[in-house]
Amino acid sequence: MIRILSTARTEFRIALRNRWVAIALVLMAVFSLVLSLAGSAPTGGLGVDRLSVTVASLTSLSVYLIPLLALLMSFDAIAGETERGTLSLLLAYPIARWEILVGKLIAHLSILALAVVLGHGLAAAVAIWSDETSLAGLPSLVRLSWSSILLGATFLGAGYALSSLSRRPSGAAGLAIGLWLGLVVLYDLALLSAIVADNGGWFSTEAFPIALLANPADAFRLFNLTASGATAAASGVGGAADAIPLWQSLASVLLWPIAALALAAAAFRKVTP
Amino acid sequence: MTSTLTISALTKRFGEVAALTGVSLSVAPGERVALLGHNGAGKSTLMKIILGLIPATSGEVTICDAAPGSPAARRAVAYLPENAAFHPALTGLEQIRHYLALRGEEQGQAMRLLEMVGLGKAARRRIGTYSKGMRQRVGLAQALIGNPRLLVLDEPTSGLDPVSRREFYVLLDNLAAQGASILLSSHALTEVEARTDRIVILSQGRLVAEGSLPDLRRRADLPVMLHVTARNGYGADIARLLPGAILVDGALHLTCRQSAKLETLGTIAGLGEKITDLEVLPPSLEDLYAHFSQAAAQ
Ligand SMILES: Nc1ncnc2c1ncn2[C@@H]1O[C@H](COP(=O)(O)OP(=O)(O)OP(=O)(O)O)[C@@H](O)[C@H]1O
Ligand SMILES: [Mg+2]
């Protein structure tokens, strides 16, 4: 326990000095403020409170931002130690590999959580201050917060796995950017074009829901939009997925962090310094 | 338990490359052993196997009755890897406190450890601002944590200035006096010569010689150099009495076999008044090293 905590404290300190903490906090705060202020424009009186509108746009933002921050913080975790030659030293210490990973995870995840809570807190404050009915949107904001943190854990795990596999920080950075582009940007484009080409056939009805659930970023968006009943208002992929029951996207949101971290542990176990 | 570290018939291959072949070695408590060998001889590989960082292809390694890499072995062994670069964003103090925590030791000792390696003043500065030797000392400081039974040090003095090297060996002497075994690799033969109990020479992954310095000298049977300074005018006389001697700057240089050393010395002593000085130069570790690694290469 002392070993894990000391690892976490050291990693947190490094992230603080590398400005990752500042970058994550500022990005989340600025984007949340901008979105919640933008949400104050008249929404056409759909009977939706302002906070719920903000949550919908925060969800779309988080799908891009949280994975990016998580990958940026994690890609160096193992590859950096390998390159500096400190990994062989660390592994000679009486600390298990999973303890090293958990220590790093605690540090990185708490930075993400801090950024999420700060950003969402600001958004809530702005919304509630200008529109008291916004209190109704609080549950969906809280849901967005914890699912964002889980999404972060998933991509931290993916980042550690890539970092273990590539052995060099530059290689790991390349893989991390590739993963982000692939899962967050290209995946949806590919799905959309497949749906258009398929024109309501087997793919749209059978494969598409599974494809959405299989991608942690899509599952995250789907879960938050379905849960707050905002799928109709959402654009693109989210809108096309009305049919997927909530429990399925919830399961995906809960299972992905575990799977990604297990993957990271397996990849790290194979690393020889 | 008689020895801290026992290695028997250790072999390690990296695909086609045979990094180590049939190496056997044991290190007793309190013993300081130097591992010598040219670049790529397998020194670092041997150390990594001892630490359990990489698996051996065949052979056995035991550290204090435990297997390499087992929790018991890791607690007993301290390691200094070659070229470890600690995170530049941390201070020396923070880094050592972290390593103390990993060994379950009191973090308050960090400052004392840093002072032991001469980093007391720089302890609160970031490692990124340290010089090469200062960074090496952070590595030394972490290797001193928690009374290790065995210290495995890969080129510990690289980057240290001559005075720091001497201080470092004094630290090692103290640890050895308390019963710690030390296995270190080095390319600085002169310092190893004076500061270790036993020398192990690796050549292309094979152990080609092992023993104390006098042992190795006897076994190599390399010629001894004698420098004789003649009193003015007697140079030519003496040169006639000592076959094979050559005159260099007024002194006669001659070599003789180890076995003929005493006899030759007797002859020279018999010259009495005709000589003013005599110097005996035994083969240096460099000579021995060259001898054993060349013999193995053939
Ligand atoms: N991971 C590896 N993969 C393939 N070959 C390796 C690996 N590590 C070491 N080797 C090879 O094993 C041999 C021994 O290397 P090692 O690092 O042990 O040498 P060394 O004695 O420490 O040399 P130096 O004095 O330069 O530090 C070399 O031929 C090296 O190329
Ligand atoms: Mg080496």
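Model, not experiment: these values are computed from the prediction. Side chains included, hydrogens not; waters and symmetry mates left out as well; all remaining heavy atoms used.
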Task: Inter-residue atom distance Arg195(B).CZ - Ile182(B).CD1, 0.5 Å rounding - done: 11.0 Å
Open item on the list: Less than 4.5 Å to any heavy atom of chain A: does that hold for the side chain of Gln142(B), its backbone, both, or neither?
Closed with: both
Task: Ile54(B) portion near chain A, given a 4.5 angstrom heavy-atom threshold - done: side chain
Open item on the list: Can you tell me which portion of Ile145(B) sits under 4.5 Å from chain A's heavy atoms? Options are side chain, backbone, both or neither.
Closed with: side chain
Task: Heavy-atom pair count under 4.5 Å with chain A, highest-scoring of Leu51(B), Leu102(B), Asn83(B) - done: Leu102(B)
Open item on the list: Looking only at the aromatic ring of each residue, does the gap between the centers of Trp146(A) and Phe223(A) stay below 6.0 angstrom?
Closed with: yes
Task: Top contributor to chain A contacts, counting heavy-atom pairs under 4.5 Å, from Ala101(B), Ser70(B), Ala84(B), Pro81(B) - done: Pro81(B)
Task: Close side-chain approach of Met116(B) and Leu171(B), heavy atoms under 4.5 Å - done: yes
TODO: Take Arg149(B) and Asp65(B), measure what salt bridge (Lys or Arg N to Asp or Glu O under 4.0 Å) needs, and give me the verdict at the end.
DONE: CA-CA 12 Å; Arg149(B) 305 280 305 278; Asp65(B) 294 329; over 6 Å; no
Task: Side-chain H-bond candidate by donor/acceptor type, Glu81(A) with Thr86(A), under 3.5 Å - done: yes
Open item on the list: I need the residue from Lys48(B), Arg103(B), Arg75(B) with the largest number of non-hydrogen atom pairs under 4.5 Å to chain A.
Closed with: Arg103(B)
- [ ] With a 4.5 angstrom heavy-atom cut-off, could you sort out which part of Leu90(B) is near chain A: side chain, backbone, both or neither?
- [x] both
